[in-house]
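Take a look at the structure set out below.
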Amino acid sequence: MPGLLYPAYQKFYSALQNLKRFDKENNFFDNISSLDSFLSEYRSTTLVMQKSLGDTEYKDVYKEVSKGIWDPFFNDQRVKTVHLHPIEIAKQINITIYLPGTNFDIQTKTFMVENDMPLSSLIDSLKVFFNKINNTEVFFSADFTFFEKDSGADLWEKLIDGISTMQKFMDDMYTRIGEKCHLCEE
């Protein structure tokens, strides 16, 4: 039988599934939808837990464990995405070439919804550039960074920190409540 925390675990799992859909090769609208869904489900995890524990002896444990651990970024983004507008993101791509004895950045581009281009177009332009270099082999890296338009916050850093915080919170609550739930452990 599922335990008290099972609905919150379902929400957290759903949030992570939405984040898995986020992919740098998809178009901006798909990425924005994935992030909006993640942010909504992420924040809903704690709301569902509050509801599950509201009429139990564990509601004070919830307050104690959650006190001061949440980054306001997630609540602010949820309010924006649910009530105002989709998350506004920018994607930055930095291309670095590595040649014997040296390396250098050849291109840095920032894309928003308004000026996005398919990844295949960027690859085609890089092929043209690489063909102009008179080397048998050209080694390069492509570094993708996604950030929130208004604050400039690096989304990957925020998301990783937020997921770590939520996992620690969920683990602490599970330990403190002491109720065994096979489905939660899975």
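All values below were derived from every heavy atom in this structure, side-chain atoms included, with hydrogens, water molecules and symmetry-related copies excluded. Please read these numbers as outputs of a predicted model, since none were measured by experiment.
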Fill in: Neighbour count >12 (heavy atoms, 6.0 Å) for atom CG, D60
yes

Practice prompt. Applying side-chain contact (heavy atoms from CB on, under 4.5 Å), run through T96 and D143 and close with a yes or a no.
Written response: CA-CA 8 Å; T96 304; D143 180 38; over 6 Å; no

Worksheet, complete the sentence: Value for CD (Q17) from OG (S14), rounded to nearest 0.5 Å, stands at 7.5 Å

Worksheet entry | F73/D161 under side-chain contact (heavy atoms from CB on, under 4.5 Å): CA gap, chis, key distance, verdict | CA-CA 11 Å; F73 172 84; D161 288 348; over 6 Å; no

Fill in: Ring center gap for Y174 and Y6 short of 6.0 angstrom
no

Discussion item. I'd like to know whether W70 forms a side-chain contact (heavy atoms from CB on, under 4.5 Å) with M166, so could you lay out the CA-CA distance, the side-chain angles of the two residues, the decisive distance to 0.1 Å, and finally the verdict.
Written reply: CA-CA 8 Å; W70 305 116; M166 182 64 77; 3.8 Å; yes

Worksheet item: Taking all atoms of both residues into account, what is the closest heavy-atom pair of L155 and E148, and its distance?
Response: CG-N, 3.8 Å

Worksheet item: What are the two closest heavy atoms between L53 and K59, and how far apart are they?
Response: O-CB, 3.5 Å

Practice prompt. Could you go through the side-chain hydrogen bond (donor to acceptor under 3.5 Å, both in side chains) check for R78 and N75 one step at a time?
Written response: CA-CA 5 Å; R78 181 183 178 277; N75 192 51; 5.3 Å; no

Worksheet item: Is I177 reachable from I69 through a run of hydrophobic residues whose side-chain heavy atoms are each under 4.5 Å from the next?
Response: yes

Worksheet item: Under 4.5 Å between any side-chain heavy atoms of T165 and D71, yes or no?
Response: no

Worksheet item: If we only count heavy atoms from C-beta on, is the M173 to S66 side-chain gap below 4.5 Å?
Response: no

Practice prompt. Determine, using the 4.5 Å side-chain heavy-atom cutoff (strictly less than), whether I160 and L16 are members of one ILVMFWY cluster.
Written response: no

Discussion item. Just verifying a value: how many Å separate E64 CD and R176 CZ, rounded to the nearest 0.5 Å?
Written reply: 4.0 Å

Worksheet item: Are I97 and F144 connected in a single hydrophobic cluster, I mean Ile/Leu/Val/Met/Phe/Trp/Tyr linked by side-chain heavy atoms less than 4.5 Å apart?
Response: yes

Worksheet item: What about Y13 and L39, same hydrophobic cluster or not, with Ile/Leu/Val/Met/Phe/Trp/Tyr joined at side-chain heavy-atom distances under 4.5 Å?
Response: no

Discussion item. Quick check: is L47 connected to Y9 through a chain of hydrophobic side chains (ILVMFWY, heavy atoms under 4.5 Å apart)?
Written reply: no

Worksheet item: Taking only residues two or more places apart in sequence, or in another chain, which ones meet Y42 in a ring-ring contact (aromatic ring centres under 6.0 Å, His included)?
Response: F38, F74

Worksheet item: Is a salt bridge present between K168 and D172, judged by a nitrogen-to-oxygen distance below 4.0 Å?
Response: yes

Fill in: Beyond-backbone contact of F169 with V65, side-chain heavy atoms, under 4.5 angstrom
yes

Worksheet item: Which atom pair, heavy atoms only, marks the closest approach of S52 to L4?
Response: CB-O, 3.4 Å

Worksheet item: Where do L19 and L159 come nearest, in terms of heavy atoms and distance?
Response: CD1-CD1, 3.7 Å

Practice prompt. Rounded to the nearest 0.5 Å, what's the gap from CD on E88 to OG on S151? Could you check?
Written response: 11.0 Å

Discussion item. Using modelled atom types and a 3.5 Å cut-off, is there a donor and acceptor pairing between side-chain atoms of T175 and backbone atoms of D171?
Written reply: yes

Item to complete: In sequence, state the C-alpha distance, the side-chain angles, and the governing distance for M170 and M49, and then conclude on side-chain contact (heavy atoms from CB on, under 4.5 Å).
Response: CA-CA 10 Å; M170 298 291 284; M49 188 179 293; 3.5 Å; yes

Worksheet item: Where is the tightest heavy-atom contact between A8 and V48, given as atom of each residue plus distance?
Response: N-CG1, 3.7 Å

Fill in: Polar side-chain atom of S37 near backbone of S34 as donor-acceptor pair, under 3.5 Å
no

Response to the item:
Taken in chain and number order and not counting sequence neighbours, the residues that satisfy salt bridge (Lys or Arg N to Asp or Glu O under 4.0 Å) with D154 are none

Practice prompt. Return the minimal non-hydrogen interatomic distance between F147 and G152, and the atom names on each side.
Written response: CB-O, 3.8 Å

